[in-house]
Amino acid sequence: MSTQTKYIISVVSGLLLYLIMFIALIYFNFIYYTTGFFAFIIFVFIASIIFRSLAYKNAKENERPDLFYMTFIGSFVVPTLIHVIFFL
């Protein structure tokens with residue numbers, strides 16, 4: 001798999017995580033109200049650990065897996081910050 005493909009996968013994974021967490025946050029806030037934020041943090045923490053371990057496991061010799069991980073986190077954090085700024 002090429003480096004460009006891995007970056008694309010990182011961005012798409014981050015955006016999908018944002019969408020999943022947006023839906024989960026709405027669900028948990030309607031059902032449990034206060035646990036939505038905690039579920040959000042726990043799920044993101046687990047997903048980032050899994051993605052980081054996969055990035056380091058599948059990195060080739062000349063690649064920097066931390067850049068894949070930072071791309072993943074960035075593509076999740078930027079939509080989340082936009083959401084927080086405009087919708088809260």
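Atoms considered below: every heavy atom in the structure, side chains included; atoms not considered: hydrogens, waters and symmetry mates.
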Do F76 and I73 share a hydrophobic cluster, counting only Ile, Leu, Val, Met, Phe, Trp and Tyr and linking them when any side-chain heavy atoms are less than 4.5 Å apart?
yes
Can you pull the side-chain hydrogen bond (donor to acceptor under 3.5 Å, both in side chains) pairs that have at least one residue in residues 39-61, sequence neighbours excluded?
none
Could you grab the distance from atom CG of L17 to atom OG1 of T80, nearest 0.5 Å is fine?
7.5 Å
Can F45 be reached from L81 by stepping across I, L, V, M, F, W or Y side chains whose heavy atoms are under 4.5 Å apart?
no
Spatial distance of atom CD1 (I8) from atom OG1 (T71) [nearest 0.5 Å]
11.5 Å
F68, I49: one ILVMFWY side-chain cluster at the under-4.5 Å cut-off?
no
Which residue pairs pass the side-chain hydrogen bond (donor to acceptor under 3.5 Å, both in side chains) test with at least one member in residues 14-23, sequence neighbours excluded?
Y18-H83
Who passes side chain to side chain contact (heavy atoms under 4.5 Å, CB included) against I46, sequence neighbours left out?
I42, I50
In one Ile/Leu/Val/Met/Phe/Trp/Tyr side-chain cluster, 4.5 Å: V77, F72
yes
Can you see which heavy atom on A55 is nearest to which on P65, and at what distance?
O-CB, 3.4 Å
Residues that, via side-chain heavy atoms closer than 4.5 angstrom, fall in one hydrophobic cluster with V11
L15
Side-chain heavy atoms nearer than 4.5 Å, only ILVMFWY residues, links allowed to pass through others: does that put M70 and L16 together?
no
Does any pair with a residue in residues 2-12 pass side-chain hydrogen bond (donor to acceptor under 3.5 Å, both in side chains), and if so which ones, sequence neighbours excluded?
S2-T5, T3-E63, K6-E63
